[in-house]
Every structure is written in C-alpha cells, then in structure tokens.
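Working notes, structure below.
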Amino acid sequence: MFEVTGGGQRWAVRCFLREVTTQQQRYAAISAHLQQNPLACIVPFVYLEEGIRVRGKWYPILKMQWATETRLDTYIEDHLDEPATLARLAEQWFDLCGVLRRAHGARRLPAWQHRRRRGRSDQAARL
C-alpha cells in the first residue's frame, strides 16, 4: 500500500504492476459488490482498471481512504496486559467474521492480512 494525497484527502493505494488476472477480477467483483452492498466492517474501496499509467501502459489499482487507526498487531502488543480489552477485541473479531459470512462474501473476499485490520478500543473492528 502507498499513501497518496490529493484533493485535500489521504488515500491508500495498492498498485497491480504485474498481471494476475484472477486476483484483479476478484477485486473488481468485490469492489462492485461492496459499492452496492456496503458493510460497516470494511473500509470502502474502489477498483480502478485504469488506475495508474507507467511508461504509457495502464495498470489497475485499489483506492481507499487512508485509515489512521492502529494496526491489529500493534494494538494487541499495546494491550497485552489488558485481558478485558483483548477479550472485547476477540468478540469484535468474532462478530466481524459473522457479518462477512452473512454477507455471503467471505469466500470471495481477498486474504486480509493482520496489518490491514484497523480500529480503536472505542470502535468496532474494520478491515
């Protein structure tokens, strides 16, 4: 992910500089689905087929608002001595998995890395 600033906003951008057709098709389908059926637990993103041009050739990108919350691994490390906080986080994670299953999109969603989870102790978990 790269941080990009434009129009007074901060964006997270993932570039696809080599062709991985199935992955790009999956992201395009997920992006289209989530635009029609947003989920509060997922940071909205858009898949742009012509997202970035390098040496005259267009490459797709994923673009989403820059998340300022703490990464999951850092959050856990910061709260290792707070079992109640970690228990709440585990409950939120369990709830998040349920939301994804009910949305019938979990099996089609990309592999979310632990570093992509964002949140604060006063918010629900988000991917």
Side-chain angles (χ1 to χ4, degrees):
M1 289 281 178
F2 296 95
E3 181 181 358
V4 177
T5 304
Q9 293 195 0
R10 291 170 63 194
W11 302 98
V13 175
R14 178 174 183 190
C15 303
F16 298 93
L17 297 179
R18 58 185 165 87
E19 194 163 332
V20 183
T21 306
T22 57
Q23 182 181 43
Q24 293 167 357
Q25 290 171 342
R26 188 172 56 238
Y27 275 114
I30 293 166
S31 174
H33 177 77
L34 290 175
Q35 286 178 23
Q36 298 297 316
N37 307 284
L39 295 173
C41 61
I42 295 180
V43 176
F45 68 88
V46 63
Y47 175 85
L48 301 170
E49 185 70 35
E50 292 186 350
I52 186 170
R53 196 163 83 178
V54 179
R55 296 185 181 138
K57 182 176 180 186
W58 283 103
Y59 294 91
I61 65 168
L62 288 179
K63 176 183 160 187
M64 66 187 73
Q65 288 185 338
W66 186 260
T68 58
E69 295 86 5
T70 305
R71 290 179 7 178
L72 178 59
D73 55 345
T74 302
Y75 185 86
I76 290 171
E77 286 177 12
D78 291 348
H79 295 88
L80 284 174
D81 60 345
E82 301 173 38
T85 299
L86 294 178
R88 277 194 308 275
L89 176 63
E91 289 173 18
Q92 288 179 344
W93 196 259
F94 183 79
D95 292 345
L96 174 71
C97 291
V99 167
L100 294 175
R101 272 193 304 276
R102 286 188 298 278
H104 301 289
R107 64 184 173 274
R108 294 185 311 243
L109 290 175
W112 299 106
Q113 298 175 11
H114 69 282
R115 293 185 178 116
R116 301 283 185 259
R117 187 276 181 194
R118 306 291 179 173
R120 297 191 312 250
S121 59
D122 62 337
Q123 284 187 323
R126 292 182 79 188
L127 293 175

Tell me, please, which residues at least two apart from Tyr47 pass ring-ring contact (aromatic ring centres under 6.0 Å, His included).
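None.
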Donor-acceptor pairs under 3.5 Å, side chain of residues 51-58 to any protein atom, not counting sequence neighbours: which ones?
none

Apply side chain to side chain donor-acceptor pair (under 3.5 Å) to Glu91 and list each qualifying residue two or more places apart in sequence or on a separate chain.
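Expected list: none.
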Among all residues two or more places apart in sequence or in another chain, which pass the side chain to side chain donor-acceptor pair (under 3.5 Å) test with Gln65?
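Partners of Gln65 by the side chain to side chain donor-acceptor pair (under 3.5 Å) criterion come out as none, since no residue qualifies.
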Within a strict 4.5 Å, meaning less than it, do heavy atoms of the [X] and [Y] side chains meet?
X: Cys15; Y: Tyr59; value: no
X: Tyr75; Y: Asp78; value: no
X: Tyr27; Y: Arg14; value: yes

If the condition is side-chain contact (heavy atoms from CB on, under 4.5 Å), which residues does Ile76 pass it with, not counting sequence neighbours?
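By the side-chain contact (heavy atoms from CB on, under 4.5 Å) rule, Ile76 matches Leu72, Leu80, Leu86, Leu89.
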Which pair of non-hydrogen atoms, one from Ala12 and one from Met1, has the smallest distance, and what is that distance?
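Minimum heavy-atom separation between Ala12 and Met1: CB-SD, 4.0 Å.
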Tell me which pairs pass side-chain hydrogen bond (donor to acceptor under 3.5 Å, both in side chains) where either residue lies in residues 2-13, with sequence neighbours left out.
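Passing the test, one end in residues 2-13: Glu3-Arg10.
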How far does CE of Met64 sit from OG of Ser31, to the nearest 0.5 angstrom?
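These two atoms lie 9.5 Å from each other.
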